[in-house]
Engineer: 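Sharing a structure below in structure tokens format, with a few things to ask.
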Amino acid sequence: MLLDEIKNIKSGKKELREFGITVGIVFGLLSGLLWWRHKDTYVSFFILSLVLIISGLAMPIILKPIQKVWMAIAVIIGAIMTRVILCFLFYVVITPIGLLRKMSGKDVMNLKFNKSLNSYWIRRKKELFNKASYEKQF
């Protein structure tokens with residue numbers, strides 16, 4: 001699935017142009033930040049920014065291998081981070097809520113077995129036919 005997503009990365013002229021300009025602007029902003037903090041590496045980022053923007057505008061096809069690698073890395077990082085975030089939410093949010101409910105003894109879904117009942121079926125009230133009730137079931 002991850003390989004299919006990487007293989008299906010769009011690399012048309014429009015996407016390559018957008019990639020060159022966008023990443024070039026980001027590197028330009030980064031070089032401005034480095035210049036403001038008096039770091040010597042701002043020149044490298046500024047030159048890289050100019051190369052990306054100019055090649056994105058003039059000949060975007062040059063950026064195809066760079067864009068493919070960049071986007072493949074982005075897809076892989078996205079897949080990893082999705083799982084990390086979901087695990088975090090499950091173990092930090094959902095699991096404690098479930099444990100607190102279990103410790104409090106609440107049976108919200110009526111899962112406790114009751115021998116005195118013949119059936120757990122809950123009968124619905126008889127109502128006249130109403131078209132709106134089919135549209136709003138809950």
Side-chain angles (χ1 to χ4, degrees):
M1 173 137 160
L2 196 60
L3 289 174
D4 292 334
E5 203 170 329
I6 291 172
K7 287 178 185 175
N8 293 330
I9 294 172
K10 293 182 181 177
S11 294
K13 196 172 184 179
K14 179 185 175 222
E15 287 84 14
L16 293 172
R17 181 172 283 126
E18 288 174 358
F19 169 77
I21 293 171
T22 304
V23 176
I25 289 171
V26 169
F27 280 135
L29 292 172
L30 186 60
S31 73
L33 178 68
L34 291 171
W35 173 79
W36 184 59
R37 293 187 170 236
H38 305 291
K39 304 288 182 187
D40 294 333
T41 55
Y42 80 91
V43 176
S44 303
F45 283 98
F46 183 71
I47 291 170
L48 184 60
S49 170
L50 285 177
V51 168
L52 284 168
I53 291 172
I54 291 170
S55 62
L57 291 172
M59 292 193 325
I61 197 72
I62 293 172
L63 298 173
K64 189 171 184 172
I66 299 169
Q67 188 251 8
K68 283 284 195 183
V69 171
W70 186 284
M71 296 306 290
I73 292 170
V75 166
I76 292 168
I77 290 173
I80 292 169
M81 289 309 299
T82 300
R83 284 152 179 85
V84 167
I85 291 168
L86 287 174
C87 285
F88 176 80
L89 284 174
F90 182 78
Y91 288 111
V92 174
V93 176
I94 296 172
T95 301
I97 290 172
L99 291 173
L100 287 173
R101 289 221 164 215
K102 190 123 179 132
M103 289 188 319
S104 69
K106 292 196 178 199
D107 188 23
V108 182
M109 295 176 58
N110 289 331
L111 296 176
K112 292 181 181 173
F113 186 70
N114 189 352
K115 289 184 178 182
S116 64
L117 292 175
N118 291 335
S119 172
Y120 286 98
W121 187 266
I122 300 172
R123 295 235 177 244
R124 214 174 108 174
K125 290 185 263 176
K126 295 270 185 181
E127 295 180 6
L128 294 174
F129 174 76
N130 185 2
K131 184 178 178 182
S133 67
Y134 285 99
E135 293 173 1
K136 294 184 179 182
Q137 296 179 13
F138 303 101

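Computation of the quantities below employed the complete heavy-atom set of this structure, encompassing side-chain atoms and omitting hydrogens, waters and symmetry-equivalent molecules.
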Engineer: Decide whether Leu52 and Ile47 are clustered together by the hydrophobic rule: side chain heavy atoms of Ile, Leu, Val, Met, Phe, Trp, Tyr closer than 4.5 Å, transitively.
Structural biologist: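 Yes; tracing contacts between hydrophobic side chains, which count when under 4.5 Å, links both residues.
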
Engineer: Going by the angle between their ring planes, with limits at 30° and 60°, are Phe45 and Phe27 parallel, tilted or perpendicular?
Structural biologist: tilted

Engineer: Supply the atom-to-atom distance Met71 CE to Ile73 CD1, rounded to the nearest 0.5 angstrom.
Structural biologist: 11.0 Å

Engineer: What's the shortest heavy-atom distance between Ser55 and Leu63, and which atoms?
Structural biologist: OG-CD2, 3.4 Å

Engineer: Please check if Phe19 and Ile53 belong to a single hydrophobic cluster, counting links between Ile, Leu, Val, Met, Phe, Trp and Tyr side chain heavy atoms closer than 4.5 Å.
Structural biologist: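 The answer is no; the residues belong to distinct hydrophobic clusters.
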
Engineer: If you look at every heavy atom in Arg17 and Leu57, which pair is closest and at what distance?
Structural biologist: NH2-O, 3.7 Å

Engineer: Mind listing the closest non-hydrogen atom pair of Ser104 and Arg101 along with its distance?
Structural biologist: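 Residues Ser104 and Arg101, closest heavy atoms: OG-O, 2.9 Å.
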
Engineer: Would a 4.5 Å heavy-atom cut-off, applied to side chains only, mark Gln67 and Ile9 as touching?
Structural biologist: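 When only atoms from C-beta onward are counted, Ile9 and Gln67 do touch, with a gap below 4.5 Å.
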
Engineer: Working to the nearest 0.5 angstrom, can you tell me the gap between Ile54 CD1 and Ile21 CD1?
Structural biologist: 11.5 Å

Engineer: Same hydrophobic cluster for Met81 and Tyr91, using side-chain heavy-atom links shorter than 4.5 Å among ILVMFWY?
Structural biologist: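 As far as the 4.5 Å side-chain criterion goes, Tyr91 and Met81 are not connected within one cluster.
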
Engineer: Answer whether the closest heavy-atom distance between the side chains of Phe46 and Leu34 falls below 4.5 Å.
Structural biologist: no

Engineer: With under 30° as parallel and over 60° as perpendicular, where do the rings of Phe113 and Tyr120 fit, or are they tilted in between?
Structural biologist: tilted

Engineer: What pair of heavy atoms forms the shortest contact from Lys112 to Gly105, and how long is it?
Structural biologist: NZ-O, 3.6 Å

Engineer: Is the shortest heavy-atom distance from the side chain of Leu16 to the side chain of Lys13 under 4.5 Å?
Structural biologist: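 Side chain of Leu16 against side chain of Lys13, heavy atoms only: no contact under 4.5 Å found.
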
Engineer: Taking all heavy atoms of Ile62 and all of Pro65, pick out the closest pair and write down the distance.
Structural biologist: O-CD, 3.5 Å

Engineer: Rounded to the nearest 0.5 Å, what separates atom CD1 in Ile61 from atom OG in Ser11?
Structural biologist: 8.0 Å

Engineer: So for atom CG, which belongs to Asn114, do other residues, nucleotides or ligands contribute more than 12 heavy atoms lying within a distance under 6.0 Å?
Structural biologist: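 Count over threshold, so yes.
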
Engineer: Please determine whether residues Ile76 and Trp70 belong to a single hydrophobic cluster, defined as Ile, Leu, Val, Met, Phe, Trp and Tyr linked transitively by side-chain heavy-atom distances below 4.5 Å.
Structural biologist: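 Yes, Ile76 and Trp70 fall within the same hydrophobic cluster.
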
Engineer: Keeping the roles fixed (side chain from Ser49, backbone from Gly24), state whether a donor-acceptor pair exists under 3.5 Å.
Structural biologist: yes

Engineer: Less than 4.5 Å apart, side chain to side chain, heavy atoms only: is that true for Ile94 and Leu89?
Structural biologist: no

Engineer: With rounding to the nearest 0.5 Å, note down the distance linking CD1 in Ile80 to CD1 in Ile85.
Structural biologist: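 Those atoms lie 12.0 Å apart.
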
Engineer: Distance from Glu15 atom CD to Lys64 atom NZ, nearest 0.5 Å?
Structural biologist: 10.5 Å

Engineer: Looking only at heavy atoms, what is the nearest atom pair of Gly28 and Ser31, with distance?
Structural biologist: O-OG, 2.7 Å

Engineer: For the atom pair CD1 (Ile77) and OG1 (Thr82), what is the distance rounded to the nearest 0.5 Å?
Structural biologist: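 Going from CD1 on Ile77 over to OG1 on Thr82, the span is 11.5 Å.
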
Engineer: Does one hydrophobic cluster hold both Val23 and Val43, with members joined at side-chain heavy-atom distances below 4.5 Å?
Structural biologist: yes

